[in-house]
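What follows is a short report on a single structure.
All residue numbers refer to positions in the sequence shown, counting from 1. In what follows, every heavy atom counts, from backbone to side chain, and hydrogens, waters and symmetry copies are set aside.
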Amino acid sequence: MKRKVRCGVGMGCLILLAAIICAPIVLVAFGSLKDNNELLDELLPVLAETAGLMDWKVLPIYPTLAHYKELLIDTPQFYTVFFNSIQITAGILAGQLLVAVPAAWAFARFEFPCKKLVFTLYVVLMLMPFQVTMLPNYLVLNRMNLINTQLSVILPGIFSTFPVFLMYRGFRDIPKSLIEAAKIDGAGEAAVFFKVGIPLGSSGILSALVLGFLDCWNMVEQPLAFLKDKSLWPLSLYLPEVDVSHAGLAFAASVITLIPAVFVFIMGQEYLEQGIVAAGIKE
């Protein structure tokens, strides 16, 4: 009986926590269906900084899709920033596949001088916030004449240390006996990497790609620091530019921005969990 009560209390706490976490998403989704007059009446104390309390009603009185029509049909600059986000995210993820995967494999399977020191430096760099590395990155990118280009955001993202750390865990758990068996069968280092390492370390690779997508899709500080031309800005910088008189447009843009991230998270949730707990074949 006590066990059932504890389970019920635990389940109730989890449901309450989930409701609190999902509340902002629900409010944004329903807010995108309200007309501007209704939004201004409810959000006026917040938007205009006047005295009084916000009177937010969850469900719209007269639901409308006018904001989505205005955003998708009458606002062509939205497609510019949307495709900017796609280009930046795709460029970073493709570069991480080319750079981080071989680096993680080398750390996991090879011995070389100062290996532990180099890997420790990788971990230290991973823990550093962007504010610490922003100035060195800016100086290097400026010397390369890449400031105010999408490469100024893509290149630092490609050489991020976090995906190397995450993939390293998956590669390290591959049994040595499988690698030795592949070499006995005549496989070279490249064949072992492509035919053994990548398939068995796929959970770490995919989890790094999922987390990388979520991070790149929502990045704010990097493009704000390195991109001066607003036509190069991603979606994450477009939303704060929407003014008070177009609150409904901001809600609609937020919903559309959220859709790709939710889709990728749902599709890669299983691999994300496996990668985080470093799941894999063990001896």
Partners passing side chain to side chain contact (heavy atoms under 4.5 Å, CB included) against Lys195 (at least two apart in sequence or in another chain): none
side-chain hydrogen bond (donor to acceptor under 3.5 Å, both in side chains) contacts touching residues 150-162 (sequence neighbours left out): Asn84-Gln150, Gln87-Gln150
Linking Ile, Leu, Val, Met, Phe, Trp and Tyr through side-chain heavy atoms less than 4.5 Å apart, which residues share a cluster with Met128? Val124, Leu125, Val132
Check: Pro234 main-chain N/O paired with Ser85 side-chain donor or acceptor under 3.5 Å: no
Could you note down all residue pairs passing ring-ring contact (aromatic ring centres under 6.0 Å, His included) where residues 8-31 supplies at least one of them, sequence neighbours left out? none
Return all side-chain donor-acceptor pairs below 3.5 angstrom for residues 252-264, not counting sequence neighbours, or 'none' if the list is empty.
| from | atom 1 | to | atom 2 | distance (Å) |
| --- | --- | --- | --- | --- |
| Ser254 | OG | Ala250 | O | 2.8 |
| Thr257 | OG1 | Ala253 | O | 2.7 |

Are Leu121 and Phe159 connected into the same hydrophobic cluster when the rule is that any two of I, L, V, M, F, W, Y join if their side-chain heavy atoms are below 4.5 Å apart? no
Rest of the hydrophobic cluster containing Ile15 (Ile/Leu/Val/Met/Phe/Trp/Tyr, side-chain heavy atoms under 4.5 Å)? Met11
Listing request: all salt bridge (Lys or Arg N to Asp or Glu O under 4.0 Å) pairs with a residue in residues 13-38, at least two apart in sequence or in separate chains. Lys34-Glu42
Search all heavy atoms of Asp229 against all heavy atoms of Asn148 and return the closest pair with its distance. N-OD1, 2.8 Å
Are Phe112 and Phe165 connected, step by step, through hydrophobic side chains (Ile, Leu, Val, Met, Phe, Trp, Tyr) whose heavy atoms are closer than 4.5 Å? yes
Tell me whether the centres of the aromatic rings in Tyr168 and Phe119 are closer together than 6.0 Å. yes
How long is the span from the CD1 atom in Ile88 to the OG atom in Ser236, to the nearest 0.5 Å? 7.5 Å
From Thr64 OG1 over to Glu70 CD, what is the distance, rounded to the nearest 0.5 angstrom? 10.5 Å
Can you give the donor-acceptor pairs under 3.5 Å from side chains of residues 134-146 to other protein atoms, not counting sequence neighbours?
| from | atom 1 | to | atom 2 | distance (Å) |
| --- | --- | --- | --- | --- |
| Asn137 | ND2 | Thr133 | O | 3.2 |

Heavy atoms, side chains only, cut-off 4.5 Å: are Lys228 and Ile147 in contact? yes
In the single-linkage hydrophobic clustering (I, L, V, M, F, W, Y; side-chain heavy atoms under 4.5 Å), do Trp217 and Ile25 co-cluster? no
Supply the atom-to-atom distance Leu72 CG to His67 NE2, rounded to the nearest 0.5 angstrom. 12.5 Å
Indicate the atoms forming the closest heavy-atom contact of Val196 with Ala182, along with that distance. CG2-CB, 4.1 Å
Glu221 side chain reached by Gln131 side chain, heavy atoms, under 4.5 Å: yes
Take a 6.0 Å sphere around CZ of Phe194 and say whether it holds more than 12 heavy atoms from other residues, nucleotides or ligands. no
d(Phe82 CZ, Thr75 OG1) to nearest 0.5 Å is 14.5 Å
Evaluate the side-chain contact (heavy atoms from CB on, under 4.5 Å) criterion for residues Leu235 and Phe78: first the C-alpha distance (whole Å), next the side-chain angles of each, then the deciding distance (0.1 Å), finally the verdict. CA-CA 8 Å; Leu235 266 174; Phe78 174 79; 3.4 Å; yes
For the hydrophobic clusters of this structure (ILVMFWY residues joined by side-chain heavy atoms under 4.5 Å, transitively), does one cluster hold both Leu211 and Leu127? yes
Results of side chain to side chain contact (heavy atoms under 4.5 Å, CB included) for Ala90 - residues two or more places apart only: none
Each residue besides Leu17 in its hydrophobic cluster should be listed here, by chain and number; the cluster joins Ile, Leu, Val, Met, Phe, Trp and Tyr at side-chain heavy-atom distances under 4.5 Å. Ile21
From Phe251 atom CZ to Leu33 atom CG, the distance as rounded to the nearest 0.5 Å: 11.0 Å
Rounded to the nearest 0.5 angstrom, the CH2-OG1 distance for Trp233 and Thr80 is 14.0 Å
With a 4.5 Å cut-off on side-chain heavy atoms, are Val123 and Phe162 touching? no
Apart from Ile20 itself, which Ile, Leu, Val, Met, Phe, Trp or Tyr residues share its cluster (side-chain heavy atoms under 4.5 Å, direct or through members)? Leu16
In residues 92-110, what donor-acceptor pairs under 3.5 Å come from side-chain atoms, sequence neighbours left out?
| from | atom 1 | to | atom 2 | distance (Å) |
| --- | --- | --- | --- | --- |
| Gln96 | NE2 | Gly157 | O | 2.9 |
| Arg109 | NH1 | Phe171 | O | 2.9 |
| Arg109 | NH1 | Arg172 | O | 3.4 |
| Arg109 | NH1 | Ile174 | O | 3.2 |

Atom OH of residue position Tyr62 - does it have more than 12 heavy atoms of other residues, nucleotides or ligands inside 6.0 Å? no
Leu71 and Tyr79: CA distance, side-chain angles, deciding distance, side-chain contact (heavy atoms from CB on, under 4.5 Å) verdict: CA-CA 9 Å; Leu71 183 68; Tyr79 291 98; over 6 Å; no
